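Worth knowing before you read on, the calculation uses all heavy atoms, side chains too, and leaves out hydrogens, waters and symmetry mates. Start at 1 and go down the list; that is how both ligands and their atoms are numbered. The shown structure was predicted, so the numbers you read here are calculated from the model rather than taken from an experiment.
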Amino acid sequence: MKIITDPLELKEYLKEVAKEHTIGFVPTMGALHEGHTSLIKRAKNENDFVVVSIFVNPTQFLKGEDLEKYPRRDEADKKICTLSGVDVLFFPQASDMYGDDEVSLQAPHVRGYILEGTTRPGHFNGVLTVVMKLLNIVSPTRAYFGKKDAQQLNLITLMAKQLFMSAEIVAVDTVRESDGLARSSRNVYLTSAERQEALKISASLYMASKMVAQKSLDSHAITSKMREILEPLEVAYVEVVSRDFVPLQEVQIGNSIILVEAKVGSTRLLDNIWI
Ligand code: PAF
């Protein structure tokens with residue numbers, strides 16, 4: 001596996017690769033887990049050549065968030081990438097990615113400022129800006145993102161479409177632990193008691209899917225029941241939205257996502273199910 005830290009060197013290198021190969025790209029912030037390896041596996045299955053980036057992007061963290069203590073596992077991550085058959089690992093520093101007087105992207109005023117955008121105003125500006133930079137550096141055939149970060153995935157898909165970008169954005173299913181907890185780099189912050197509490201999140205979604213299976217489609221009824229299960233966690237939101245992130249009064253089968261964000265101890269966790 002080749003490791004490249006310089007964006008322009010990577011861009012030049014991949015220009016040659018792209019002449020004869022399809023390129024699959026998996027952008028990450030490191031602390032790789034099975035959620036990431038499932039993205040890499042999918043990228044390997046669907047492309048000739050796979051690039052992974054590891055970059056803890058400072059612009060998507062708000063003041064007071066966990067940028068400094070965000071888990072960094074550089075050596076373990078390199079090993080995981082090598083063992084997963086990654087061809088190139090892109091490992092830039094913030095100074096390689098950002099200058100002083102930056103052009104940046106604004107997330108859309110509605111979709112970028114609801115749900116996760118309410119609890120983290122401005123977060124998606126940073127996400128879109130860095131993903132745009134990464135996609136311009138790598139110019140992949142396909143780029144892979146997890147459904148767990150559903151709003152991020154929606155905004156990146158929208159950006160790729162509205163800015164006429166050529167990469168296909170591929171959505172990949174959430175990977176869960178055997179007890180239902182969605183894999184997340186932030187799970188390492190949880191104590192064992194908190195981890196147990198965190199299971200209320202997937203349990204609430206499981207209940208929601210059961211209600212839908214029993215044809216109970218009213219969003220308020222579903223989210224109220226979920227909130228009962230989530231007690232006493234500090235819930236930021238429980239919402240039913242369409243795949244385009246428009247709030248729904250009633251679940252539409254095939255076009256809905258039920259989302260939760262809740263704090264367990266001091267750790268914010270996200271999860272959702274696509275219905
Ligand atoms: O989902 C993530 O890990 C990050 O938000 C991403 C897409 C790599 C951008 O920094």
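With respect to D179 and R195, a salt bridge is recorded, a charged nitrogen being found less than 4.0 Å from a carboxylate O. For E116 and R268, the salt-bridge test passes: some basic side-chain N is under 4.0 Å from an acidic carboxylate O. Ion pairing between R42 and E46 holds under the 4.0 Å rule for side-chain N and carboxylate O.
Ligand 1 has no nitrogen or oxygen under 3.5 angstrom from a nitrogen or oxygen of N57. When only interatomic distances are considered, the shortest N/O to N/O separation between T28 and ligand 1 does not fall below 3.5 Å.
Protein heavy atom in closest approach to atom 9 (C) of ligand 1: Q60 OE1, 3.3 Å. The protein non-hydrogen atom at the shortest distance from atom 3 (O) of ligand 1 is M29 CG, 3.6 Å. At the shortest separation from atom 2 (C) of ligand 1 among protein heavy atoms lies Q152 NE2, 3.8 Å.
Applying the 6.0 Å contact sphere to CD of E102 captures more than 12 heavy atoms from other residues, nucleotides or ligands.
Within ligand 1, the atoms closer than 4.0 Å to a non-hydrogen atom of V130 are 9 (C), 10 (O), numbered from 1 in the order shown.
Checked against the 6.0 Å centroid threshold, F90 and F55 do not count as a close aromatic pair.
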